[in-house]
Amino acid sequence: MLLILLGVLILHVIILILLIVSTAASAWSVADNSGKDLWYKCSTNNGGYHCQPSSNEDWIQAVQALMILSVLFCFFSLIAFLYQLFRLVKGGRFFFTAIFQILASVFVMCGAIIYTVMRPDDGTHTNFGYAYVLAWVAFPMCLISGLIYIVLRKKE
Amino acid sequence: MLTFLALTSVALLGIVPEQSQAIAIYTGWERHALVGSDIRLSCSFFSWRWTSEDVTFSWTYRPDGSRDSISIFHYTGGAAYVDNKGPFRDRLEFVGNPGRRDGSILLKNLELNDNGTFTCDAKNPPDIVGRPSSVRLLVFEKVPIQAGVITGAIIGVVLGLLVLIVVIYYLMRFLVARRVFSLSVSKHGKKKKEGSQQRQIKV
């Protein structure tokens with residue numbers, strides 16, 4: 001039982017770390033020597049490493065908001081899990097934890113979908129960066145973790 | 001002794017500003033406008049002298065990316081001369097009041113080519129030493145969204161909804177505990193809200 005608990009907790013922490021890295025790193029699109037989105041457009045040319053703020057279009061702001069919300073909800077669900085671990089009645093299910101975790105996964109999915117669809121098709125910056133991949137990896141992990149919390153019961 | 005000091009201070013006050021005075025011209029820093037709209041570029045000045053009858057205002061325009069300025073407006077001798085050959089012919093109007101030190105102009109029907117720097121120079125003889133002031137005009141197709149507005153709005157709305165739901169949940173639990181609403185407790189620990197029948201019976 002303790003092993004399952006530890007495993008679930010480690011999975012949750014890994015998901016939180018993936019979401020934080022995906023949100024904070026400005027590497028959703030990459031080109032030869034530069035990365036951009038969500039926050040900065042940085043490029044390394046012979047003059048050095050220059051960054052300028054990303055474009056202010058509405059869809060980028062929506063993706064920023066959804067990623068931040070997913071990090072927040074994943075964090076809330078971690079707090080709720082720790083709280084419910086000690087305060088739940090015996091045999092109860094971790095509903096609050098599951099709800100927050102599933103909402104977090106929905107937000108990541110929406111953010112990644114909006115980014116995929118609305119990304120402009122210009123010459124540079126045509127490849128997806130590691131932060132984008134991490135967002136897509138975090139989404140199913142988050143969903144599975146939420147479903148585990150629905151199924152999990154506190155030991156009688 | 002005191003009267004001597006008073007007289008010297010008054011004399012100094014009269015002399016020193018005259019030597020160090022300069023005309024100070026004020027325009028905006030930057031103006032934003034939409035294509036097709038009108039915009040008023042304001043220009044006023046501060047001078048220690050009274051407004052003279054020979055006060056002059058002149059506006060020059062330098063397009064973005066160009067190094068040449070073109071003169072588009074001049075007011076002198078009580079008459080205003082607007083651009084009749086340049087980029088603003090038939091689109092420029094003088095809306096200022098020189099008697100009140102206001103040399104503002106109105107640009108009508110803006111185009112995207114009107115992006116640039118407008119410089120106002122005012123002279124109030126004999127107070128003619130001063131720096132012209134510039135205002136930058138930015139013309140947009142549509143109003144650009146500032147960074148972070150939509151982000152903040154989405155986050156705020158979702159967190160607000162969350163707080164609202166939590167508050168309503170605890171409010172309902174509180175009201176149930178005070179028996180304002182009557183509930184029935186099912187065997188799995190879930191609470192359902194009954195209809196009004198039970199309330200009437202209880203009352």
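Within every chain, numbering begins at 1; the chains are lettered A, B, ... in the order of the sequence lines, protein sequences first and strands thereafter. The basis for the numbers below is simple: all heavy atoms, side chains too, and nothing from hydrogens, waters or symmetry mates. No experiment lies behind these values; they were computed from the predicted model shown.
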Do other residues, nucleotides or ligands put more than 12 heavy atoms under 6.0 Å from [X] [atom1]?
X	atom1	result
B:Arg131	CZ	no
B:Asp90	CG	no
B:Phe46	CZ	yes
B:Leu161	CG	yes
A:Phe128	CZ	yes

Note to self: Just so I understand: if I count every heavy-atom pair under 4.5 Å between each of B:Ile154, B:Ile155, B:Val149, B:Leu159 and chain A, which residue has the most?
What the structure shows: B:Ile155

Notebook entry, point to check: Between A:Ile60 and chain B, which part of the residue has a heavy atom less than 4.5 Å away: side chain, backbone, both or neither?
Noted result: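 For A:Ile60, no heavy atom lies under 4.5 Å from chain B.
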
Check: A:Gln64 side chain to B:Thr151 main-chain N or O, any donor-acceptor pair under 3.5 Å?
Finding: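 Looks like no, no N/O pair under 3.5 Å.
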
Next item on the list: With a 4.5 Å cut-off on heavy-atom pairs, point out which of A:Ser55, A:Pro53, A:Ala65 contacts chain B the most.
Entry: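 The residue among A:Ser55, A:Pro53, A:Ala65 with the greatest pair count is A:Ala65.
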
Item checked: Rounded distance (nearest 0.5 Å) linking atom CG of B:Leu162 with atom CZ of A:Phe76 ->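 Output value for this atom pair is 6.5 Å.
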
